[in-house]
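Reviewing the structure listed below.
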Amino acid sequence: MATPAPAIVFTDLDGTLLNARDYRYDAAISVLDRLKAAGIPTIPVTSKTRAEVELLRSEIGLSDPFVVENGSGIFIPEGDDRFPLETELRADGYRIVQLGGSYQEARDRVSKLSAKLGVQLCGFGDLAPEDIYGITGLAIDDAKLAQTRDFTEPFVTPHEFSSAEIATAAESLGFHVVVGDRFSHAIDPKSGKGVAVETLIESYANAGQDLAIVGLGNSPNDLPMLEAVPQPIVIPDEAGEPHPGLAERVALGWSLAPKYGCAGWALAVGEVLDKLGVP
């Protein structure tokens, strides 16, 4: 049995471990290597799909659990007994904790929200990869990975409504919506980044000890995750400022990384490791 380390790092990806514009992570490689050498789990907590995260994990060399689709599913590699979560759902070498509903249920939620708002919402399942490329700039192959969904359905944000109006309409139908600038996500109310993080923390085999539990994010979408950890760290924008939706939390004492993107991520996590005496 692997010996659990005295720390866990939960991290958002886009705009946090990955630069927002070019998706580079090279500035963080040396710190990622330190985490791996110390056996400290580095757990992506992201809106991305399993297929997207698997590709990134392969490129970076991560082998720890990961959380996908805004906290709708937790994937724990078979043999990783640091997180002994009981689940009967197993596939492709993972133990899978499904916090959210199925993809079809998410599609149904978007359909109900369309009727509630009185507009035709366009979900990922209604788009061709070329459409997603046109909206996001994602390469066609990457767009296909983003469409390989298990739990949630992003839809093009209808800008004739405010974020509050969209969220209120969804709540009246019994589910949540994470509203984004380009896409919004229909989320099962039993799921979420915070729920997933709390589930992993509670199951950690070293949970009885004094743990350094760190969370890193850059946007309000990361707020539930950041609220679930004792050491939240906000990654700023290129001007060095926190997202307006997180600025108040920073003013009240949350840590702000000294730089933008992966460079700021590396400096912030490196400081945590230095304080722990991790070589």
Is the shortest heavy-atom distance from the side chain of [X] to the side chain of [Y] under 4.5 Å?
| X | Y | answer |
| --- | --- | --- |
| N70 | T152 | no |
| E130 | I140 | yes |
| F161 | V119 | yes |
| K116 | S172 | yes |
| F75 | V68 | yes |
| Y260 | R21 | yes |
| P44 | L62 | yes |
| R82 | P65 | yes |

How close do A257 and G264 get, heavy atom to heavy atom, and via which atoms?
CB-O, 3.7 Å
Donor-acceptor pairs are to be reported for all side-chain atoms of residues 88-96 against protein atoms at under 3.5 Å, with residues two or more places apart or in another chain.
{"residue": "R90", "atom": "NE", "partner": "E78", "partner atom": "OE2", "Å": "3.0"}
{"residue": "R90", "atom": "NH1", "partner": "T87", "partner atom": "O", "Å": "2.7"}
{"residue": "D92", "atom": "OD2", "partner": "R50", "partner atom": "NH1", "Å": "3.3"}
{"residue": "D92", "atom": "OD2", "partner": "R50", "partner atom": "NH2", "Å": "2.6"}
{"residue": "Y94", "atom": "OH", "partner": "E54", "partner atom": "OE2", "Å": "2.6"}
{"residue": "R95", "atom": "NH1", "partner": "F83", "partner atom": "O", "Å": "3.0"}
{"residue": "R95", "atom": "NH1", "partner": "L85", "partner atom": "O", "Å": "3.0"}
{"residue": "R95", "atom": "NH2", "partner": "D80", "partner atom": "O", "Å": "2.7"}
{"residue": "R95", "atom": "NH2", "partner": "F83", "partner atom": "O", "Å": "3.1"}

Cluster membership besides I132, Ile/Leu/Val/Met/Phe/Trp/Tyr side chains within less than 4.5 angstrom, sorted by chain and number, is F124, L127, I135, L138, V156, F183
Is a side-chain N or O of [X] found less than 3.5 angstrom from the main chain of [Y], in a donor-acceptor match?
| X | Y | answer |
| --- | --- | --- |
| D64 | T42 | yes |
| T49 | R149 | no |
| N19 | G261 | no |

Is Q98 atom CD crowded by more than 12 heavy atoms from other residues, nucleotides or ligands, each under 6.0 Å away?
yes
Please tabulate, one pair per line, all N/O donor-acceptor pairs under 3.5 Å involving side-chain atoms of residues 239-247, not counting sequence neighbours.
{"residue": "H243", "atom": "ND1", "partner": "G245", "partner atom": "N", "Å": "2.8"}

Run the side chain to side chain contact (heavy atoms under 4.5 Å, CB included) check on R249 and V234 step by step: do they pass?
CA-CA 9 Å; R249 303 303 181 98; V234 176; 5.8 Å; no
If we count only N and O atoms by modelled type, under 3.5 Å, do the side chains of H185 and E153 hold a donor and an acceptor together?
no
